[in-house]
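One structure is given here, and the rest of the page talks about it.
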Amino acid sequence: MVHRSYILIFLLASTVLSLFIIERSLSRPRHNFKKPIIKIKTVNTTGSTKIEEIEARMAYRKLKVKEACAKYGLDKEGNDSLHQPNPWEFLINKKYHLVWCNIFKAASTSWMYNFNLLAGYKPNFLKRTNIVPLQLARRKYPRPSLQELKTALNTSYSFIIVRHPFERLLSAYRDKIQYALPNTPHQKLGNEIISKFRENSIQGRRKKAFYNPRWPTLPEFVNYLVDIKKKGLPMDMHWAPITEFCTPCQIHFDIIIKFETLMEDQKYLIQVAGLKGKIKPEWKNPSKGRVTTDVVNNYYSQLTVKQILQLYYLYRYDFELFEYSISDYLDMAKADRVFSQKSITE
């Protein structure tokens with residue numbers, strides 16, 4: 001009888017130990033993916049830039065972002081849009097271990113196309129379909145939770161593409177406001193901006209003289225942006241600041257691509273991530289032509305110095321994190337007196 005008791009105790013203990021081992025093994029990560037270190041002698045760019053130079057460029061950009069985030073306390077956790085991670089706009093490709101935050105008007109069309117290719121859509125289908133590329137992408141890349149994003153970041157290359165805030169803003173203004181398609185939300189927004197900010201609009205009455213031009217001018221659009229910022233309202237995703245949209249102070253990016261070195265940086269990403277032959281670097285530009293220096297000057301010369309400074313205040317963290325300057329834009333602006341920091345927000 002005693003002998004049987006010992007046997008039962010032994011079997012019970014063995015069962016408990018087995019269950020404990022199984023539970024522990026299930027709770028561990030199921031893979032140990034490591035970002036491969038790929039040795040490349042050169043990246044195939046026009047100037048045959050050495051891989052070491054591009055790697056140094058990337059390291060410098062990440063360092064400057066880290067320093068700026070710490071300088072302004074943006075790396076601390078909090079409850080507002082600047083101090084908590086925002087996974088909403090991220091696309092995670094698990095098969096190719098690639099994570100991208102989609103910043104509109106910063107090569108977003110090109111990389112939405114590439115992510116759709118990586119998701120399995122055929123080029124001919126993408127060329128023929130009338131479905132918006134972002135809608136196609138979200139069928140394959142559902143919006144991740146914060147935990148899903150954090151897990152993916154540990155096993156993937158993450159990247160963003162940034163652009164001078166004022167150049168990006170102008171591209172968005174021309175595409176979504178000046179040339180807004182009829183009967184779209186952006187055209188409706190344009191009419192609302194005219195009604196509120198156009199001189200002699202007489203409480204927004206629809207008189208022909210008050211709607212010439214029929215779209216908001218850039219100064220009117222800037223006045224609208226300043227107004228919604230004062231009211232604490234969110235910006236449209238096409239011109240929302242990158243610092244709030246992709247929260248680079250809360251989420252680490254392995255690669256920061258800049259518009260100014262777009263082709264080189266894209267080639268670097270594609271080769272490092274092992275995607276050569278699957279996608280290619282390109283810039284699809286579906287909007288109203290390239291934003292050249294002459295185009296930029298033509299628009300920003302309509303603004304006053306005060307408006308330039310007000311715009312800078314709206315995008316100041318983007319300027320700081322990614323090392324952009326407003327000096328050329330101040331030179332373009334209409335002559336007026338210099339305003340204090342306090343007057344910028346008034």
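Across E167, R168, E260, a single residue satisfies side chain to side chain donor-acceptor pair (under 3.5 Å) together with Y324, and that is E260. Remark: of the listed residues F166, Y299, Y312, F166 is the sole one forming a ring-ring contact (aromatic ring centres under 6.0 Å, His included) with Y329. Looking at Y300, Y173, F197 one by one, the single match for ring-ring contact (aromatic ring centres under 6.0 Å, His included) with F221 turns out to be Y173.
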Under the side-chain contact (heavy atoms from CB on, under 4.5 Å) rule, what do E220 and R198 come out as? Steps first, then yes or no, please.
CA-CA 7 Å; E220 292 165 347; R198 182 158 295 177; 2.8 Å; yes
Checking side chain to side chain donor-acceptor pair (under 3.5 Å) for the pair Q307/N223: CA distance, chi angles, key distance, verdict?
CA-CA 8 Å; Q307 287 175 311; N223 289 339; 3.2 Å; yes
Test side-chain contact (heavy atoms from CB on, under 4.5 Å) on L321 and C69; report intermediate values, then the result.
CA-CA 7 Å; L321 265 64; C69 291; 3.9 Å; yes
Might you work through the side-chain contact (heavy atoms from CB on, under 4.5 Å) test for V99 and L149, ending with a clear yes or no?
CA-CA 8 Å; V99 174; L149 176 58; 4.0 Å; yes
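Salt bridge E264/R57: present, at least one basic N to carboxylate O contact under 4.0 Å. The pair K62-D254 fails the salt-bridge criterion, with no side-chain N (NZ, NE, NH1 or NH2) lying under 4.0 Å from an Asp/Glu carboxylate O.
Not one N or O on the side chain of N102 forms a donor-acceptor pair closer than 3.5 Å with the backbone of M112. A distance-only check finds no donor-acceptor pair linking the side chain of T129 to the backbone of L126 [under 3.5 Å]. With K258 contributing its side chain and F322 its backbone, the two residues share a donor-acceptor pair below 3.5 Å. Between the S325 side chain and the S327 main chain, a donor and an acceptor come within less than 3.5 Å of each other. A donor-acceptor contact shorter than 3.5 Å links the side chain of H83 to the backbone of G73. Using modelled atom types, no side-chain atom of S110 and backbone atom of P281 make a donor-acceptor pair closer than 3.5 Å. For the pair R61 (side chain) and I256 (backbone), a donor-acceptor distance under 3.5 Å is present.
In the hydrophobic clustering of this structure, L233 groups with V222; members are Ile, Leu, Val, Met, Phe, Trp, Tyr whose side-chain heavy atoms approach within less than 4.5 Å, directly or through other members. Cluster membership check: V132 shares its hydrophobic cluster with L136, using side-chain heavy-atom separations under 4.5 Å among Ile, Leu, Val, Met, Phe, Trp and Tyr.
Partners of P123 according to the side-chain contact (heavy atoms from CB on, under 4.5 Å) rule, which considers only residues two or more places apart in sequence or in another chain, are Y113, L117. The side-chain contact (heavy atoms from CB on, under 4.5 Å) check on K64 picks up Y60, E67, E323, with sequence neighbours excluded. Considering only residues two or more places apart in sequence or on other chains, Y72 meets the ring-ring contact (aromatic ring centres under 6.0 Å, His included) condition with Y317. The ring-ring contact (aromatic ring centres under 6.0 Å, His included) test applied to F125 returns Y121, not counting sequence neighbours.
For the pair I194 and P213, the tightest heavy-atom approach, listed with the atom from each and the gap, is CD1-O, 4.2 Å. Across every non-hydrogen atom of I92 and A152, the tightest pair is CG2-CB, 3.6 Å. Between L98 and L275, the closest heavy-atom pair is CD2-CD1, 3.7 Å. Shortest non-hydrogen contact noted between V162 and I160 is CG1-CD1, 3.8 Å. In terms of heavy atoms, K280 sits closest to I270 at C-CD1, 3.6 Å.
Between L153 and H252, the closest side-chain pair of non-hydrogen atoms is not below 4.5 Å. I54 is not listed as a side-chain neighbour of K267, based on a closest heavy-atom distance of 4.5 Å or more. Annotation: side chain of L303 is in contact with side chain of L311 (closest heavy-atom distance under 4.5 Å). You'll find the side chain of D175 stays beyond 4.5 Å of the side chain of Y179, heavy atoms only. You'll find the side chain of K176 stays beyond 4.5 Å of the side chain of T184, heavy atoms only. Looking at heavy atoms from C-beta onward, I279 lies in side-chain contact with W111 at the 4.5 angstrom threshold.
Between H164 and F319, the gap from one ring centroid to the other is short of 6.0 Å.
The number of heavy-atom neighbours closer than 6.0 Å to CG of D80, taken from other residues, nucleotides and ligands shown, is above 12. Applying the 6.0 Å contact sphere to NZ of K66 captures no more than 12 heavy atoms from other residues, nucleotides or ligands.
A donor and an acceptor atom, one from each side chain of D265 and T261, are located under 3.5 Å apart. With hydrogens and angles left out, the side-chain atoms of Q187 and W215 include no donor and acceptor closer than 3.5 Å.
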In a table with atom names and distances, give each donor-acceptor pair under 3.5 Å that connects a side chain of residues 138-147 to protein atoms at least two apart or in another chain.
residue, atom, partner, partner atom, Å
R138, NH1, F90, O, 3.1
R138, NH1, Y141, O, 2.9
R138, NH2, W88, O, 3.3
R138, NH2, F90, O, 3.4
Y141, OH, N93, ND2, 2.9
Y141, OH, F115, O, 2.5
Y141, OH, A119, N, 3.4
R143, NH1, W88, O, 2.7
S145, OG, E148, N, 3.1
S145, OG, E148, OE1, 3.4
Q147, NE2, T151, OG1, 3.4

Between side-chain atoms of residues 237-248 and protein atoms elsewhere (two or more places apart, or another chain), which donor-acceptor pairs fall under 3.5 Å?
residue, atom, partner, partner atom, Å
H238, ND1, D236, OD1, 2.8
T243, OG1, D318, N, 3.4
T243, OG1, D318, OD1, 2.3
E244, OE1, S81, OG, 3.0
T247, OG1, N86, N, 3.1

